[in-house]
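Some notes on the structure that comes next.
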Amino acid sequence: MAKLYFRYGAMNSGKSTALLQAAYNYEERGQHVLLAKPAIDTKAASEISSRLGMTREVDFLLGPEDDARAVFAEHRDRVRASTSAEVACLLIDEAQFLTAEQVDDLFRIAIEESIPVIAYGIRNDFLTHAFPGSARLLAIAHSLEELKTICRCGRKAVFNGRVVGGRFVFDGDQVAIDEGANGDSAPELTTYESLCGACYLQESGGRLG
(Lines give C-alpha, C1' and ligand atoms only; values in the text may rest on other atoms or scores of the structure.)
Protein backbone atom coordinates (compact mmCIF):
# COMPACT_ATOMS: atom_id res chain seq x y z
CA MET A 1 0.00 0.00 0.00
CA ALA A 2 1.30 3.44 -0.92
CA LYS A 3 1.73 5.96 1.89
CA LEU A 4 1.54 9.67 2.60
CA TYR A 5 4.87 10.94 3.96
CA PHE A 6 5.52 14.23 5.73
CA ARG A 7 9.14 15.32 5.90
CA TYR A 8 9.40 18.49 7.95
CA GLY A 9 12.02 20.76 9.43
CA ALA A 10 12.83 24.34 10.35
CA MET A 11 14.01 26.81 7.72
CA ASN A 12 17.29 25.87 6.05
CA SER A 13 16.96 22.19 6.90
CA GLY A 14 17.30 21.14 3.25
CA LYS A 15 13.68 20.29 2.50
CA SER A 16 13.67 21.47 -1.13
CA THR A 17 17.08 19.90 -1.72
CA ALA A 18 15.76 16.58 -0.38
CA LEU A 19 12.70 16.82 -2.62
CA LEU A 20 14.79 17.44 -5.73
CA GLN A 21 17.08 14.57 -4.78
CA ALA A 22 14.07 12.27 -4.38
CA ALA A 23 12.82 13.28 -7.84
CA TYR A 24 16.25 12.59 -9.31
CA ASN A 25 16.39 9.17 -7.66
CA TYR A 26 13.06 8.14 -9.16
CA GLU A 27 13.91 9.44 -12.63
CA GLU A 28 17.37 7.86 -12.61
CA ARG A 29 15.51 4.54 -12.45
CA GLY A 30 13.30 5.44 -15.40
CA GLN A 31 10.23 6.33 -13.31
CA HIS A 32 8.00 9.36 -13.68
CA VAL A 33 7.22 11.82 -10.90
CA LEU A 34 5.03 14.87 -10.57
CA LEU A 35 6.17 17.93 -8.62
CA ALA A 36 3.78 20.50 -7.15
CA LYS A 37 3.60 23.31 -4.63
CA PRO A 38 0.97 25.74 -3.32
CA ALA A 39 0.47 28.81 -5.51
CA ILE A 40 0.72 31.08 -2.45
CA ASP A 41 4.47 30.39 -2.35
CA THR A 42 5.47 33.11 -4.81
CA LYS A 43 9.14 33.37 -3.89
CA ALA A 44 10.36 31.25 -6.78
CA ALA A 45 7.23 31.59 -8.92
CA SER A 46 6.53 28.17 -10.45
CA GLU A 47 9.88 26.67 -9.50
CA ILE A 48 11.17 24.68 -6.58
CA SER A 49 14.36 26.39 -5.53
CA SER A 50 17.01 24.95 -3.24
CA ARG A 51 19.39 27.15 -1.29
CA LEU A 52 22.18 25.08 -2.84
CA GLY A 53 21.30 26.62 -6.19
CA MET A 54 19.25 23.81 -7.72
CA THR A 55 15.91 24.71 -9.31
CA ARG A 56 13.20 22.84 -11.13
CA GLU A 57 9.86 23.83 -12.62
CA VAL A 58 6.86 22.26 -10.94
CA ASP A 59 4.29 20.33 -12.94
CA PHE A 60 1.42 22.21 -11.32
CA LEU A 61 0.53 24.78 -8.67
CA LEU A 62 -2.29 24.34 -6.18
CA GLY A 63 -4.46 27.34 -5.41
CA PRO A 64 -6.32 27.40 -2.08
CA GLU A 65 -9.61 26.48 -3.74
CA ASP A 66 -8.22 23.70 -5.93
CA ASP A 67 -9.24 20.08 -5.57
CA ALA A 68 -5.78 18.54 -5.23
CA ARG A 69 -6.93 15.10 -6.30
CA ALA A 70 -8.61 16.39 -9.45
CA VAL A 71 -5.60 18.50 -10.44
CA PHE A 72 -3.30 15.55 -9.82
CA ALA A 73 -5.52 13.27 -11.95
CA GLU A 74 -5.36 15.75 -14.85
CA HIS A 75 -1.56 15.76 -14.83
CA ARG A 76 -1.30 12.01 -14.26
CA ASP A 77 -3.44 11.49 -17.37
CA ARG A 78 -1.11 13.82 -19.29
CA VAL A 79 1.87 11.68 -18.30
CA ARG A 80 0.01 8.53 -19.31
CA ALA A 81 -0.89 10.02 -22.70
CA SER A 82 2.61 11.23 -23.50
CA THR A 83 4.67 8.36 -22.10
CA SER A 84 2.31 5.38 -21.71
CA ALA A 85 3.71 5.14 -18.17
CA GLU A 86 2.29 5.57 -14.70
CA VAL A 87 3.28 8.25 -12.21
CA ALA A 88 5.49 6.65 -9.57
CA CYS A 89 5.32 9.41 -6.95
CA LEU A 90 3.84 12.84 -6.20
CA LEU A 91 6.24 15.29 -4.51
CA ILE A 92 4.90 18.40 -2.78
CA ASP A 93 7.05 21.35 -1.67
CA GLU A 94 6.01 23.97 0.94
CA ALA A 95 3.20 21.67 2.09
CA GLN A 96 2.47 23.83 5.14
CA PHE A 97 0.57 26.18 2.81
CA LEU A 98 -1.92 23.51 1.71
CA THR A 99 -5.41 23.48 3.15
CA ALA A 100 -6.52 20.65 5.42
CA GLU A 101 -8.86 19.48 2.65
CA GLN A 102 -5.98 19.30 0.17
CA VAL A 103 -3.97 17.19 2.60
CA ASP A 104 -6.94 14.84 2.83
CA ASP A 105 -6.83 14.65 -0.99
CA LEU A 106 -3.15 13.65 -0.81
CA PHE A 107 -4.07 10.90 1.63
CA ARG A 108 -6.70 9.61 -0.79
CA ILE A 109 -4.23 9.69 -3.69
CA ALA A 110 -1.86 7.49 -1.70
CA ILE A 111 -4.54 5.06 -0.53
CA GLU A 112 -6.99 4.91 -3.42
CA GLU A 113 -4.61 5.54 -6.34
CA SER A 114 -1.71 3.55 -4.81
CA ILE A 115 0.74 6.37 -5.54
CA PRO A 116 3.18 7.47 -2.82
CA VAL A 117 2.91 11.13 -1.85
CA ILE A 118 5.87 12.83 -0.19
CA ALA A 119 5.16 16.27 1.28
CA TYR A 120 7.90 18.60 2.51
CA GLY A 121 7.33 21.62 4.74
CA ILE A 122 7.70 23.35 8.07
CA ARG A 123 5.49 22.68 11.08
CA ASN A 124 5.10 26.08 12.72
CA ASP A 125 4.98 29.74 11.78
CA PHE A 126 7.10 32.52 13.29
CA LEU A 127 4.74 32.64 16.31
CA THR A 128 5.08 28.87 16.90
CA HIS A 129 1.52 28.21 15.66
CA ALA A 130 0.97 25.23 13.38
CA PHE A 131 0.19 25.91 9.74
CA PRO A 132 -3.12 24.28 8.69
CA GLY A 133 -1.48 22.01 6.14
CA SER A 134 1.21 20.89 8.57
CA ALA A 135 -1.27 20.26 11.36
CA ARG A 136 -3.29 17.98 9.11
CA LEU A 137 -0.19 16.19 7.81
CA LEU A 138 1.00 15.57 11.35
CA ALA A 139 -2.42 14.09 12.12
CA ILE A 140 -2.86 11.71 9.17
CA ALA A 141 0.45 11.06 7.40
CA HIS A 142 1.60 7.45 7.56
CA SER A 143 5.22 8.46 8.04
CA LEU A 144 6.77 11.50 9.77
CA GLU A 145 10.44 12.38 9.32
CA GLU A 146 12.22 15.37 10.79
CA LEU A 147 14.93 17.01 8.69
CA LYS A 148 17.30 18.61 11.16
CA THR A 149 19.24 21.86 11.09
CA ILE A 150 21.09 23.89 13.71
CA CYS A 151 20.56 27.23 15.40
CA ARG A 152 23.23 29.96 15.37
CA CYS A 153 24.27 28.73 18.85
CA GLY A 154 24.85 25.18 17.64
CA ARG A 155 21.77 23.61 19.20
CA LYS A 156 19.06 21.89 17.18
CA ALA A 157 16.76 24.48 15.57
CA VAL A 158 13.02 23.91 15.97
CA PHE A 159 11.48 27.39 15.45
CA ASN A 160 11.42 29.92 12.61
CA GLY A 161 12.09 33.52 13.58
CA ARG A 162 10.84 36.26 11.23
CA VAL A 163 13.33 39.06 10.53
CA VAL A 164 12.24 42.38 9.01
CA GLY A 165 14.71 45.21 8.53
CA GLY A 166 17.37 43.33 10.47
CA ARG A 167 15.29 42.73 13.60
CA PHE A 168 13.06 39.91 14.79
CA VAL A 169 9.33 40.64 14.73
CA PHE A 170 6.55 38.81 16.56
CA ASP A 171 3.45 40.38 15.03
CA GLY A 172 1.92 40.16 11.57
CA ASP A 173 0.18 37.80 9.20
CA GLN A 174 0.98 34.11 9.33
CA VAL A 175 2.29 34.17 5.76
CA ALA A 176 4.77 36.83 4.61
CA ILE A 177 6.95 35.97 1.62
CA ASP A 178 9.45 38.65 0.54
CA GLU A 179 7.26 41.48 1.74
CA GLY A 180 6.78 43.72 4.75
CA ALA A 181 5.37 41.90 7.73
CA ASN A 182 2.68 44.55 8.17
CA GLY A 183 1.84 45.19 4.52
CA ASP A 184 3.76 48.48 4.20
CA SER A 185 3.56 50.33 0.87
CA ALA A 186 7.37 50.16 0.63
CA PRO A 187 7.97 46.90 2.45
CA GLU A 188 11.28 45.79 3.85
CA LEU A 189 12.50 42.35 2.89
CA THR A 190 11.19 39.57 5.10
CA THR A 191 13.60 36.76 5.90
CA TYR A 192 13.60 33.90 8.39
CA GLU A 193 16.15 32.40 10.75
CA SER A 194 16.04 28.94 12.29
CA LEU A 195 16.27 29.11 16.07
CA CYS A 196 16.47 26.71 18.99
CA GLY A 197 14.00 27.11 21.85
CA ALA A 198 16.44 29.08 24.00
CA CYS A 199 17.36 31.59 21.28
CA TYR A 200 13.72 31.99 20.27
CA LEU A 201 12.73 32.86 23.84
CA GLN A 202 15.66 35.25 24.10
CA GLU A 203 14.62 37.12 20.94
CA SER A 204 10.91 37.12 21.81
CA GLY A 205 11.36 38.21 25.40
CA GLY A 206 9.98 34.93 26.63
CA ARG A 207 6.94 35.00 24.35
CA LEU A 208 5.56 31.85 22.75
CA GLY A 209 2.77 32.58 20.32
Side-chain angles (χ1 to χ4, degrees), residues 1-64 66-80 82-83 85-123 131-149 177:
M1 181 184 71
K3 297 180 180 179
L4 171 60
Y5 301 81
F6 184 34
R7 297 176 178 170
Y8 63 89
M11 300 292 291
N12 302 313
S13 59
K15 297 180 296 298
S16 296
T17 301
L19 184 155
L20 295 173
Q21 180 66 52
Y24 175 82
N25 291 344
Y26 272 99
E27 292 171 341
E28 187 181 34
R29 290 160 178 78
Q31 297 179 308
H32 295 269
V33 297
L34 287 174
L35 277 63
K37 72 173 188 176
I40 192 174
D41 178 39
T42 58
K43 187 172 184 179
S46 58
E47 290 183 335
I48 293 173
S49 178
S50 162
R51 285 180 172 80
L52 296 183
M54 298 180 293
T55 61
R56 175 164 170 171
E57 194 82 8
V58 298
D59 293 286
F60 59 91
L61 297 170
L62 286 170
D66 287 341
D67 181 319
R69 190 174 182 184
V71 176
F72 166 77
E74 176 185 343
H75 289 272
R76 178 199 57 201
D77 291 346
R78 172 180 55 79
V79 171
R80 285 173 171 170
S82 62
T83 68
E86 292 294 331
V87 170
C89 185
L90 172 61
L91 299 162
I92 308 285
D93 199 27
E94 304 293 355
Q96 69 272 8
F97 296 138
L98 296 172
T99 66
E101 292 77 16
Q102 288 170 336
V103 173
D104 289 351
D105 286 339
L106 300 184
F107 185 85
R108 293 187 179 97
I109 290 169
I111 297 299
E112 297 179 2
E113 307 291 341
S114 296
I115 295 173
V117 180
I118 309 177
Y120 296 79
I122 60 178
R123 291 184 303 169
F131 284 97
S134 300
R136 191 61 180 151
L137 281 161
L138 289 167
I140 69 170
H142 298 90
S143 174
L144 302 173
E145 178 184 347
E146 183 178 17
L147 304 178
K148 299 177 178 62
T149 191
I177 302 172

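All residue numbers refer to positions in the sequence shown, counting from 1.
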Review point. CZ of F131 to CG of L137: how many Å apart, nearest 0.5 Å?
Key: 12.5 Å
Point to revise | Side chain to side chain, I48 and L19, heavy atoms closer than 4.5 Å | key: yes
**Study point:** Minimum heavy-atom distance between L61 and A39, given as atom pair plus value
**Key:** CB-CB, 4.1 Å
Practice item. Please determine, by modelled atom types, if S16 and D93 share a side-chain donor-acceptor pair under 3.5 angstrom. Key: yes
Practice item. Evaluate the side-chain proximity of F107 to I111: yes if any heavy-atom separation is below 4.5 Å, no if none is. Key: yes
Study note, to complete from the structure: Interatomic distance, OG@S143 vs NZ@K3, rounded to 0.5 Å, equals 6.5 Å
Review point. With no hydrogens and no angle check, do the side chains of T17 and S50 hold a donor and an acceptor under 3.5 Å apart?
Key: yes
**Study point:** From NE2 (H32) to OG1 (T83), nearest 0.5 Å
**Key:** 4.0 Å
Review point. Is the shortest distance from a Lys or Arg side-chain nitrogen in E27 or R56 to a carboxylate oxygen in the other one below 4.0 Å?
Key: yes
Check your understanding: Between Q96 and G121, what is the shortest heavy-atom contact and its length?
Key -> OE1-CA, 3.2 Å
**Study point:** Q21 side chain near N25 side chain, heavy-atom distance below 4.5 Å
**Key:** yes
Point to revise | Closest approach of L147 to A18 (non-hydrogen atoms, all atoms of both residues) | key: CD1-CB, 4.4 Å
Exercise for review: Indicate the atoms forming the closest heavy-atom contact of A110 with A2, along with that distance.
Suggested key: O-CB, 3.3 Å
Check your understanding: Are any of the side-chain nitrogens in K37 or E94 under 4.0 Å away from the carboxylate oxygens of its partner?
Key -> no
**Study point:** Under-4.0 Å salt bridge between R80 and E86
**Key:** yes
Study note, to complete from the structure: Note: I115 and L90 closest approach over all heavy atoms is CG2-N, 4.1 Å
Point to revise | Note, L4 side chain near I140 side chain (heavy atom, < 4.5 Å) | key: yes
Review point. Centroid-to-centroid, H142 to F6, below 6.0 Å?
Key: no
Exercise for review: Run the ring-centre check on Y120 versus Y8 and record whether the distance is less than 6.0 Å.
Suggested key: no
Revision key, fill the gap. Output for pair (L34 CG, D59 CG), nearest 0.5 Å, gives 4.5 Å
Review point. Under 4.5 Å between any side-chain heavy atoms of E101 and D105, yes or no?
Key: no
Study note, to complete from the structure: CG (L20) and OG (S49) are apart, to the nearest 0.5 Å, by 8.5 Å
Review point. Is the NZ or CZ atom of R7 positioned over Y5's six-membered ring, under 6.0 angstrom from the centre and within 45° of the axis?
Key: yes
Exercise for review: Could you tell me whether E113 and R69 have a side-chain N and a carboxylate O separated by less than 4.0 Å?
Suggested key: yes
**Study point:** Student check: side-chain heavy atoms of I118 and I92 closer than 4.5 Å
**Key:** no
Practice item. Kindly say whether N12 contributes a backbone atom to a donor-acceptor pair with the side chain of T149 at under 3.5 angstrom? Key: yes
Point to revise | Non-hydrogen atoms of P116 and S114 that approach each other most closely | key: CD-O, 4.0 Å
Review point. Does R136 reach the side chain of L98, with side-chain heavy atoms less than 4.5 Å apart?
Key: no
